[in-house]
Amino acid sequence: MEAQARLVFNVMVSRGEAIAVDVWDSGKNAWYHVQACFYYDLSERFASYCLAHERFRERTPKPLVHLRLDGWSLLIATACEHRVLNAGDLTAARGSTRLLEQLIGFFAAARTMALDTTDACRHDRFMAEASAFLAVAPAAGGAPLRFLEQADRTLWSDIPHVPQHGDFVLNNLGSARGDLLVFDWEDYGATALAGFDIFMISLSVAGMNARSACLIRDTEDPSACPWFFAPRACAVSALPYARFRRAVPLYLLVFRYLKRNYGREVGQRIDTILEQVLC
């Protein structure tokens, strides 16, 4: 950005420890997205953003640089004017609309990028890490622990290995000139359990609560439900829809693990959902 450029700032502070700033550079007629953190290094996040942009170029902002300045770790990417998607956008897309096709296309592209149809060993390692955390998590209730004690690798061994976005919810999806955009890639590849992203966007449009999770698990034909797109998304992910539904408790446990550093309030909310779904 030029030193004399007129800048406009849009500052967002999340529950994490990074500050996000959208900066308009009138000299270059462009928006830039800047993340700044003093407590930990953003280089791994930058690497995740770069990999995501390499694989989903049309759907992601372009990461530009990671640098350190006066103790701060900075991540800079391109940005654009967009609006955040809401549940009504997907409900309105029940027909063969551009948004729906791009959403299904995103899951198809994710499957294409995967090297293997299954990789049970990597699933084993991830689930061992997640189980170790959940076993000692102070807020974890009895139901998740009992579920983990009774679970074995057959719960995940036949699920295709497809790197997941990790937080594929409505507030991380946007629309710019009618095109789907996907933001916040810091958890990209943290889990490769196919169907996790499909479950997260399904839960996001249905309502982030235990009742919605149970309905997703128990409904054979969701054509009249807010997550009507899930069977098609599963099909292009090489994941049978019935298998996806059986994995709902597993996806919830993965969700809890990935959100382990997002504060007590978020953790307690997910723990409440887990207790009700697994009881």
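For clarity, every value in this text was computed on a predicted model and none was experimentally measured. For reference, positions follow the sequence shown, starting with 1.
Heavy atoms only, all atoms of each residue included: Trp185 and Val182 are closest at NE1-O, 2.9 Å. When all heavy atoms are compared, the tightest approach of Cys80 to Trp31 is N-CB, 4.2 Å. Nearest heavy atom pair, residue Cys225 against residue Thr219, reads SG-CG2, 4.1 Å. Nearest heavy atoms, Leu239 versus Ala194: CD2-O, 3.5 Å. In this structure, Pro163 and Arg55 approach most closely via the heavy-atom pair CG-NH1, 4.0 Å. Heavy atoms only, all atoms of each residue included: Ile159 and Ala247 are closest at CD1-CB, 4.2 Å.
Taking the side chain as every heavy atom from C-beta outward, Phe228 and Leu100 approach each other to under 4.5 Å. The closest side-chain heavy-atom distance from Arg269 to Asn209 is not below 4.5 Å. Residues Leu180 and Leu99 have side chains in contact (heavy-atom distance under 4.5 Å, counting atoms from C-beta outward). Taking 4.5 Å as the limit, some side-chain heavy atom of Pro231 sits within range of a side-chain heavy atom of Pro222.
Screening Gln35, His66, His33 for a side-chain hydrogen bond (donor to acceptor under 3.5 Å, both in side chains) with Tyr49, the sole residue that qualifies is Gln35.
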Audit row: Leu90, Trp227, side chain to side chain contact (heavy atoms under 4.5 Å, CB included) steps and yes/no: CA-CA 9 Å; Leu90 290 178; Trp227 63 96; over 6 Å; no
Stepwise ring-ring contact (aromatic ring centres under 6.0 Å, His included) test for Phe126 and Trp156: CA-CA 11 Å; Phe126 173 78; Trp156 57 79; 9.3 Å; no
Candidate pair Leu155 and Met127, rule side chain to side chain contact (heavy atoms under 4.5 Å, CB included), full reasoning: CA-CA 10 Å; Leu155 185 63; Met127 287 308 303; 6.0 Å; no
Derivation of the side chain to side chain contact (heavy atoms under 4.5 Å, CB included) call for Leu170 and Val84: CA-CA 7 Å; Leu170 284 170; Val84 176; 5.5 Å; no
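Distance check: Glu275 CD to Asp271 CG gives 7.5 Å after rounding to the nearest 0.5 Å. To the nearest 0.5 Å, the span separating CZ on Phe147 from CG on Leu278 amounts to 6.0 Å. Atom CD of Gln102 and atom CZ of Arg98 lie 5.5 Å apart (nearest 0.5 Å). Note that CG of Leu203 is 13.5 Å distant from CD1 of Ile198, once rounded to the nearest 0.5 Å. Distance check, rounded to the nearest 0.5 Å: CD1 of Ile270 to CG of Leu252 gives 8.5 Å. Once rounded to the nearest 0.5 Å, the distance linking OG1 of Thr60 with NE2 of His53 reads 5.0 Å.
Scored by the ring pair (Phe, Tyr, Trp, His ring centres under 6.0 Å) test, Phe168 finds Phe106, Phe107, His165 as partners (sequence neighbours excluded).
The number of heavy atoms from other shown groups lying within 6.0 Å of CZ (Arg217) is above 12. For Arg211, the CZ atom sits in a loose shell: 12 or fewer heavy atoms of surrounding residues, nucleotides or ligands are nearer than 6.0 Å.
Between the Thr272 side chain and the Gln268 main chain, a donor and an acceptor come within less than 3.5 Å of each other. Put simply, the side chain of Asn172 gets close to the backbone of Asp167: a donor and an acceptor are under 3.5 Å apart. Under the 3.5 Å distance criterion, the side-chain polar atoms of Gln276 are left unmatched by any main-chain donor or acceptor of Ala210. Under the 3.5 Å distance criterion, the side-chain polar atoms of Arg260 are matched with a main-chain donor or acceptor of Tyr257. Side chain of Ser204 to backbone of Met200: no donor-acceptor contact under 3.5 angstrom is found. Of the possible polar contacts, one joining the Gln164 side chain to the Asp197 backbone as a donor-acceptor pair under 3.5 Å is found. With hydrogens and angles ignored, the 3.5 Å screen pairs no side-chain donor or acceptor of Asp22 with any backbone N or O of Val34.
Ring to ring, Phe196 and Phe199 are not that close: their centroids are 6.0 angstrom or more apart.
With Phe229 as the aromatic partner, Arg232 does not meet the cation-pi criteria of under 6.0 angstrom to the ring centre and within 45 degrees of the ring axis.
Residue pairs meeting the salt bridge (Lys or Arg N to Asp or Glu O under 4.0 Å) criterion with at least one partner in residues 57-86, sequence neighbours excluded, are Asp41-Arg68, Arg83-Asp89.
When hydrophobic side chains of Ile, Leu, Val, Met, Phe, Trp and Tyr are connected at separations under 4.5 Å, Leu181 ends up clustered with Phe183.
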